[in-house]
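All remarks here apply to the structure that follows.
Bear in mind that the values here come from a model prediction, so they are computed numbers and not experimental data.
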Amino acid sequence: MLKIKNYINGELLKPRSKVWLDNFCPANGEVYGQTPNSSQEDVDNAYIAAQSAFPSWSQTPLEERCRTLLKIADLIENNIDTLAEAESIDNGKPITLAKSVDIPRAASNFRFFAHAITQFSSESHETVGQEAINYTLRRPIGVVGCISPWNLPLYLFTWKIAPALAAGNCVVAKPSEVTPVTAFLLSKICIEAGLPKGVLNIVHGLGNTTGQAIIEHPEIKAISFTGGTKTGAHIAKTAAPMFKKLSLELGGKNPNIIFADCDYSDMLNTTIRSSFTNQGQICLCGSRIFVEDSIYEKFKSDFIQKVKLLRVDHPSKDLTDIGAIVSKSHLEKVLKYINNAENEGGKILFGGQQICVEGFENGYYMEPTIIEVETNNCQINQEEVFGPVVTLMPFKTEDEVLQMANGVKYGLSATIWTNNLQRGIRLSNQIQAGIVWVNTWMLRDLRTPFGGVKASGIGREGGFEALRFFTEAKNVCIKY
Ligand code: TXE
């Protein structure tokens with residue numbers, strides 16, 4: 001049985017706590033590994049290692065830092081098959097997705113930030129009339145904490161770690177206890193790449209034990225977190241009295257707004273992806289679909305036809321479109337939302353049920369689900385379900401759809417389908433979201449700011465935004 005270890009001070013260690021958690025495979029419901037539930041002592045040890053590594057790592061010439069991070073990227077790529085298989089087994093996502101998206105992106109994260117740090121610069125200001133010049137130093141913070149979720153395990157873990165390390169920080173990181181395996185494999189890769197000991201430390205465990213110890217640690221000066229909004233609020237409350245820097249990427253309830261003048265087939269194919277990729281467990285999924293009434297009935301029928309063709313099956317099969325939901329408790333949560341939606345007057349147009357996949361009867365499978373709703377003010381349109389579930393609703397005017405798009409507590413992303421450029425720009429300007437896609441979805445350029453407004457979080461990741469987060473600005477003023 002796979003036994004995961006912490007990565008502290010360059011070594012793979014059992015938890016001091018001696019407490020282990022079972023690791024379930026969502027595709028068959030079986031326990032196939034154990035992961036540490038690390039205690040405060042383990043986190044303290046990780047901190048001490050990071051703190052001792054900091055003076056040297058923060059002073060390492062950029063070229064050398066860059067070279068080490070590029071080596072990690074290369075090793076991720078060289079191990080793509082192993083990592084993709086591990087991710088698929090641990091998370092339930094189709095292996096084809098892990099191989100084409102998750103793992104390549106993890107390598108890109110390291111490669112991108114390895115280069116970005118060599119191009120990062122700060123400002124200088126001449127104070128005219130006072131004979132003074134100011135310049136800004138961008139210094140690494142010290143030891144920072146990175147906490148990531150289970151939906152895109154290695155992808156999001158590295159999205160935080162890579163900029164933190166590139167900027168010269170040392171890191172105490174915790175992946176989700178639900179999907180710890182690729183983070184463990186990354187520890188081995190870091191050892192092979194020759195990352196100096198203590199620069200990155202990975203501690204495994206539950207949110208309320210290991211995670212809590214990280215956010216409460218008085219010397220871990222910044223926390224980059226992706227996960228649920230409730231957890232984000234708890235982290236903010238805990239960290240505020242210690243004045244920690246926070247970057248919180250939280251939930252979403254994103255609108256997918258479809259106008260009659262769009263490129264219909266592109267919209268239809270992309271809407272299948274934006275609804276159900278990764279079993280709908282991506283914070284960017286467009287879970288509220290609003291369709292202009294003149295094409296509503298046509299869209300409804302075409303969309304149902306296409307969704308019927310999606311194959312729910314074991315994640316290891318090449319033809320699987322929808323794999324297993326990440327955990328039993330999450331599957332139950334998603335099914336409960338569907339049940340409540342029906343009780344609230346939602347009409348299930350397709351799906352809604354748990355599925356039994358032959359040979360894997362204890363796996364956590366469910367049908368892709370389409371629910372027609374009559375109002376945006378219902379639970380299924382207001383709360384993040386985070387599963388293969390979308391709602392449909394017609395709209396008549398731009399104003400009406402804008403009200404509904406903004407009529408939720410979240411503000412992560414939005415998609416607009418129209419060939420009317422003015423309308424696309426007008427709506428993009430008014431939608432309350434950190435990211436707006438017009439005529440596409442999840443097209444990512446790693447240089448762009450990534451994050452949300454309202455209950456979707458604070459701060460931005462990506463590009464120089466991430467490097468700014470992981471550094472402190474210091475102004476030096478010289479009178480000459
Ligand atoms: O997330 P948690 P959960 C949403 C989605 C999902 C809901 C809950 O709606 O249904 O959140 O999912 C760590 N101190 N998203 O409960 O708990 C935890 O161990 C420090 C959206 O799985 O927020 C894990 O590593 N850390 C999302 C990480 O937080 C703590 C992705 C995320 O887990 C902690 C995932 C604590 N007290 C879920 N408690 C997105 N934005 O993409 C938990 N953690």
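Checked against ring pair (Phe, Tyr, Trp, His ring centres under 6.0 Å), Phe386 has the following partners two or more places apart in sequence or in another chain: Trp150. Evaluation of the side-chain hydrogen bond (donor to acceptor under 3.5 Å, both in side chains) rule for Ser329 yields Ser327 as partners, not counting sequence neighbours.
A donor atom on one side chain and an acceptor atom on the other are not found under 3.5 Å apart for Asn201 and Tyr47. Counting only N and O atoms by type, the side chains of Asn254 and Arg288 include no donor and acceptor under 3.5 Å apart.
Other residues, nucleotides and ligands contribute more than 12 heavy atoms inside 6.0 Å of the CD atom of Gln430. Within a 6.0 Å sphere centred on CD of Gln40, other residues, nucleotides and ligands contribute 12 heavy atoms or fewer. Surrounding CZ of Arg447 are at most 12 heavy atoms belonging to other residues, nucleotides or ligands under 6.0 Å away.
Between His204 and Phe184, the ring-plane angle classifies as perpendicular under the 30° and 60° cut-offs. Relative orientation of the Phe464 and Phe120 rings is tilted, given thresholds of 30° and 60° on the angle between their planes.
Using a cut-off of 4.0 Å between Lys/Arg side-chain N and Asp/Glu carboxylate O, Lys306 and Asp302 are scored as not salt-bridged. A salt bridge does not link Glu85 with Lys99: every distance from a Lys NZ or Arg NE/NH1/NH2 to an Asp or Glu carboxylate oxygen is 4.0 Å or more. Between Glu372 and Lys300, at least one side-chain nitrogen of the basic residue sits less than 4.0 Å from a carboxylate oxygen of the acidic one, meeting the salt-bridge criterion. For Lys336 and Glu332, the salt-bridge test fails: no basic side-chain N is under 4.0 Å from an acidic carboxylate O.
With Asp90 as the fixed residue, the side-chain hydrogen bond (donor to acceptor under 3.5 Å, both in side chains) test singles out one of Thr182, Thr179, Asn23: Asn23.
Between Phe24 and Tyr32, the ring center distance fails the sub-6.0 Å criterion. Checked against a 6.0 Å centroid threshold, the rings of Phe395 and Phe259 count as neighbours.
Contacts classified as salt bridge (charged side-chain N to carboxylate O under 4.0 Å, His left out) and involving residues 221-241 (residues at least two apart or in different chains) are given here: Glu219-Lys221.
Note that the CZ atom of Arg444 and the OG atom of Ser108 stand 11.5 Å from one another [nearest 0.5 Å].
Taking the centre and axis of the six-membered ring of Phe469, the NZ or CZ atom of Lys245 falls inside the cone set by 45° and 6.0 Å.
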Checklist entry - Which is it for Thr320 and Asp313 under the side chain to side chain donor-acceptor pair (under 3.5 Å) test, yes or no, and what are the steps along the way? => result CA-CA 5 Å; Thr320 298; Asp313 208 339; 4.6 Å; no

